[in-house]
Structures are given as C-alpha cells and as structure tokens.
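In what follows, a single structure is set out as structure tokens and then discussed.
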Amino acid sequence: MEEEGSSAPWWQTAVVYQIYPRSFADANGDGVGDLAGITSQLDHLVWLGVDALWLSPFYRSPMKDFGYDVADYCDVDPIFGNLEDFDALLEAAHARGLKLMIDWVPAHSSSEHPWFVDARASRQSDRRNWYVWRDAGPGGELPNNWKCAFSDAPAWTFDAGSGQYYLHSFLAEQPDLNWEEPKVEAAMHEVLRFWLERGVDGFRADVISNIGKDPALASVEEARAKVPPFVFRNEPVTHEYLRRIRALLDTWPGDRAMVGEIPVFDSKEVATFYGAGDELHMAFNFPPLYAPFEAPAWRERIEVTTGALDPRDAWPTWVLSNHDVPRHRTRYGNEARARAAAVLLLTLRGTPFLYMGEELGLEDALVPAACKVDPGGRDGCRAPLPWSRAQGHGWGGVPWLPWPPDAAERSVEAQRDDPGSMLHLYRRLLAARRASPALRLGDFAFLEAPEGLLCWRRDFSGDCRFVVINFEDRELEWPQDDRHEVEVASDGRGESQVYDSRVGPHQALILKPTRPARA
Ligand code: NOJ
C-alpha cells in the first residue's frame, strides 16, 4: 500500500473501518455479534474497499460498559468467541490485505479484573497501589469534587471492606489504573506485546489522555469537575508514558501504529499528543466530529486542525461517527447531507475512520425505554447492522438492540443491488481515493468559493483533484475555466461527464482535471 515516490506508512494511506463487534455480524445466532461473524464478512469489506479494521473491545468483560470494562486483557469474552477465533480473523484479514487494529483500554480495568479484586482485598495487598485510593476527609467527605462520566455522580466510590475511596473516571465498575505504579505500566506494556506477538497491526488507545494524573488530585473549579473531558486533559507525565509506549511499538517490524482517543475539545492540545513524532502516530480530534453541517463551521475546524498539526508534521484523523455519538446521518438530518459528508470525510488530508453502518446511511435506532442498556445513553448508534432484506436481516437470533430505521431498504443486500445507493457511493469514493495519490497523500489547499460552498484541491506529484461541497439546500455555482471531469458525485449525477460549474443542493463532487491543472 506504499505510495510510489513516498515512504508513507500504511496508516497514513489507509481508510480504517471501525467495527463494534456486538453489532456487526452474528455467526452463532445468539443475537450478539462475534468474531466469527466478522471473519465471515471480510470479503464484503474488501468489496467495499477499506484498508484496515479497528475492532472495539472483545475481551473478557462483565459488560457494564459493553467491553470497555476489561476483566482480562489477553482473552476473548466467550460471547465473541475465543483466541482461536481471533487468530482466524487476523489471518483471514491479512490474507485479504486488510490491517487489523484493536482497542487497548489502558486507563481503567473492570472492577472484576483480578488486579482490582486483589487491590481491594486489603490495604496491604501487593496490588493496592495499582489503583488510585484515598482516605475520606475528616468528616467522611469525598477526596475531591471530581465527577465521573455518564452521570453527575462523584468519581470516587467508597470501598467499605478496605475503608478507602477509589477513583473511577467512568463507572464505579471501571476503577482507574494507577500509572504512577511502575508495575501497572509494565503490565500494560505486556498486554501490548501479547497482541503484537499475535500479529495485530496497531491499537486504538481508549481515553489515553487519562493515564497521567495530577499527583495532588486536587479539587477543580466546579464547572470543570467532570473527569472526562476536563480533569486530566494534558498532564506532563502522560507524554512520558506515551514516549515509552511509542518506543515499544517501534521495536516491532511493520509500522505498528497507535491512534489515541483524546477527549479534549481543543485541537491545539490534541496536537501535543503526537509529541515530536515520538508519541502517538495519530490522535482522534473531536471538534470536527461535533461540527454542524455548515460551511463556515467546517472551514474553521479544518483550518484550526491543520494549523495545530502541520507545524508538528503530525498526521490528521477525520471521523464523522463512532460508537459514542449519534450517527452523522441522524445529526445532519437527511441522506443528501450524509452523502456530501462522505465526500468531505474521504477527501480531506489525513486518515479517515468510518464507523460501521455509515456506508449504509444508517440512522440511530429509536430504542424504547425497556430496551435501553447503555449507562451512557449510546444505544441508538450501536444498533445491529442489517445484512439482508429478509426478516432477521441475516442475524440468527433477536439482536441485543432494536434495528435501525428502514433496516430492510438499508440492508447490505438491498444496497449492493442498487448502484445509486449510499453503499455504492462509499465504494466509488474509496476506489477514487485508492486510485489517486493526491487524495491519499496530497497537499491540501482551500480555494475561493461562494458562500455555502467549500472547495479544495489536493496535489501530489502531478496528480490533482478538486473537491466541491455544497452545504446549502439550493444549487450553487463554482465556475472553473479548466476542463474537469466529475469523478464522483454524492448523488451520482453527472459522473464521468464534464463539470458544468453547477453544484446541486447538498451535492458534493470530486473533480479530476482532464488536462494538467494549473498550480
Ligand atoms: C471511550 C470509549 O469510546 C467509550 O465507549 C467508553 O465508554 C469510554 N472510553 C470508557 O472506556
């Protein structure tokens, strides 16, 4: 996958497809997706044209946070299969030229992890210091004013057995690991080695900005007392940990890469997690994910991101949807916008991450109160993927969450049969990207455009593409002197024809100059 004339590593040229294993494909018919289900659908992903997969957690877990509460970092939860199923998936992915990244959850474990069971057993336990413990104040007060995610509850839970509070940035069943304890760092490095040895190509590191703590654990201003995203947003020690993680990854052949989740909402701060090219390979940068579908908002977020990353020579990531936020098809309100957004996502400079089902234009499921299961209220975007039109949509049993709207029409089967579908649009975009060094690696520059449009060009060694995105619900004009062919149109209109300077309502286009474009 290396670009001619460039030494770009795979993770810079790849399009990564995120799989939430519970909801992707169910091989054993128990209503919960599994690893064998993923393996059975790899050919479809190759047909679609993605380059790499990121699997959300599949480790042993009590599933209080659906796998982000890990009870054994080096084993597969029986609901998803076993280590042989994992090895089979990895081998099948590699045989098809797909890279595989897995989730690594270093900031907290499950309260059922043997480490925590041991730590809480007594204050004298060998592993006591693997977690963060504090005494109550003189009047029994909490150690500080921090609040955990998902609710406004304190980030501390009192452990009656051992008489101290422990810290949890998320649920009480997800105690924070104490990275100040060298044995914790060593144990988490061991986890990385275990999976590297098995052959994974990289990791998505869960809330990696959380591993370094303010040693004073001091109370903060009330408005910023929520741990994620505010409290440990950028502790200097986190960068030391990251440099050691990077050194470990660098000792393995094959450009093993790490993308870190940095839930801070300031792109300049996100940029610091790349260090001097010696920390994360890539970081998720959430401000664009939360941008409304409006030209000025997107322009601003692209410019701020570029301005923050470029001076460090840091490689951007772009994301529209994931398992934690409402899908962009739902947020943006209609299919035309979601189609235009797909063109945007896949033509920016950086690595795009797709969230399974966005290629089907899935909307969030409406989940009745009786079916809600996630403590963070994120069930809607985690609805199962419909594979076929027929009842059951390719799943053997009743899935763990309700179907997304219009599951039959939006199923993989229905959309593969329809060349005008969202699925085929993604396929054409991925093919165009794969065929164009400019789209994968080229320089990026905004071009003058009337209000409501964003236009940019990408250039790499003589290869050039222009991109036009119409954020408005009316036709706009973007006159061009040079002759351009419409290579991809979000609505399919005008493809392979000469560009006529008109951009339809919410239409987005990739234009290919038919003679060398002027610089
Ligand atoms: C971020 C993950 O994306 C989210 O799903 C999870 O709940 C938290 N980290 C805690 O691990």
Side-chain angles (χ1 to χ4, degrees), residues 16-24 33 54-73 77 80 101-113 116 131-132 146-151 153 155 157 166-177 179 188 191 203-213 226-233 238 258-265 270 273 280 282-286 289-290 317 319-327 353-357 364 372-383 400-401:
V16 186
Y17 183 93
Q18 182 195 351
I19 291 182
Y20 193 71
R22 293 185 80 83
S23 304
F24 184 69
W54 147 32
L55 304 187
S56 282
F58 48 80
Y59 314 108
R60 277 190 189 269
S61 165
M63 303 289 169
K64 299 288 184 210
D65 188 13
F66 293 104
Y68 283 97
D69 47 325
V70 180
D72 184 343
Y73 289 97
D77 195 275
F80 298 123
M101 304 181 89
I102 60 173
D103 228 300
W104 178 58
V105 189
H108 46 263
S109 73
S110 159
S111 53
E112 290 183 28
H113 195 295
F116 188 71
Y131 294 85
V132 183
W146 298 351
K147 309 272 189 298
C148 63
F150 309 143
S151 70
T157 287
Y166 66 88
L167 176 68
H168 51 90
S169 300
F170 293 87
L171 300 173
E173 294 87 351
Q174 292 168 292
D176 278 34
L177 281 157
W179 275 68
M188 291 312 299
V191 172
F203 301 90
R204 176 268 191 185
D206 189 62
V207 282
I208 189 82
S209 44
N210 244 33
I211 59 179
K213 313 276 195 248
K226 219 155 166 66
V227 178
F230 298 121
V231 177
F232 326 117
R233 42 189 301 153
T238 305
M258 182 172 281
V259 55
E261 187 199 23
I262 309 293
V264 301
F265 291 85
V270 171
F273 288 86
L280 294 172
M282 294 180 283
F284 287 135
N285 171 45
F286 289 126
L289 167 65
Y290 287 92
T317 61
V319 181
L320 292 175
S321 288
N322 64 30
H323 64 293
D324 288 332
V325 294
R327 286 178 174 281
F353 286 75
L354 309 182
Y355 176 51
M356 57 167 221
D364 281 14
K372 287 192 198 303
V373 286
D374 176 44
R378 299 160 293 183
D379 295 322
C381 64
R382 298 175 175 180
W400 70 293
L401 281 174

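Atoms within each ligand, like the ligands themselves, are counted from 1 in listed order.
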Next on the checklist: For Phe66 and His323, I'd like to know if the aromatic rings sit close, meaning centre-to-centre distance below 6.0 Å.
Outcome noted: no
Identify the protein atoms, limited to N or O, that lie within less than 3.5 Å of an N or O atom of ligand 1, and list each pair with its distance to 0.1 Å.
| from | atom 1 | to | atom 2 | distance (Å) |
| --- | --- | --- | --- | --- |
| ligand 1 | 3 (O) | Arg204 | NH2 | 3.0 |
| ligand 1 | 3 (O) | His323 | NE2 | 2.8 |
| ligand 1 | 3 (O) | Asp324 | OD2 | 2.5 |
| ligand 1 | 5 (O) | His323 | NE2 | 3.0 |
| ligand 1 | 5 (O) | Asp324 | OD1 | 2.7 |
| ligand 1 | 5 (O) | Arg378 | NH1 | 3.2 |
| ligand 1 | 7 (O) | Asp65 | OD1 | 3.2 |
| ligand 1 | 7 (O) | Asp65 | OD2 | 2.6 |
| ligand 1 | 7 (O) | Arg378 | NH1 | 2.9 |
| ligand 1 | 9 (N) | Asp206 | OD1 | 2.8 |
| ligand 1 | 9 (N) | Asp206 | OD2 | 3.2 |
| ligand 1 | 11 (O) | His108 | NE2 | 2.9 |
| ligand 1 | 11 (O) | Asp206 | OD2 | 2.7 |

Next on the checklist: Tell me if the centroids of the rings in His168 and Tyr166 come within less than 6.0 Å of each other.
Outcome noted: yes
Next on the checklist: Is the distance from the ring center of Phe353 to that of Phe284 below 6.0 Å?
Outcome noted: yes
Checklist entry - Excluding sequence neighbours, so at least two apart, what forms side chain to side chain donor-acceptor pair (under 3.5 Å) with Tyr17? => result Glu359
Next on the checklist: Can you classify the ring geometry of Tyr73 versus His113 as parallel (below 30°), tilted (30 to 60°) or perpendicular (above 60°)?
Outcome noted: tilted
Checklist entry - Does NZ or CZ of Arg22 fall inside the cone over Trp400's six-membered ring, less than 6.0 Å from its centre and within 45° of the axis? => result yes
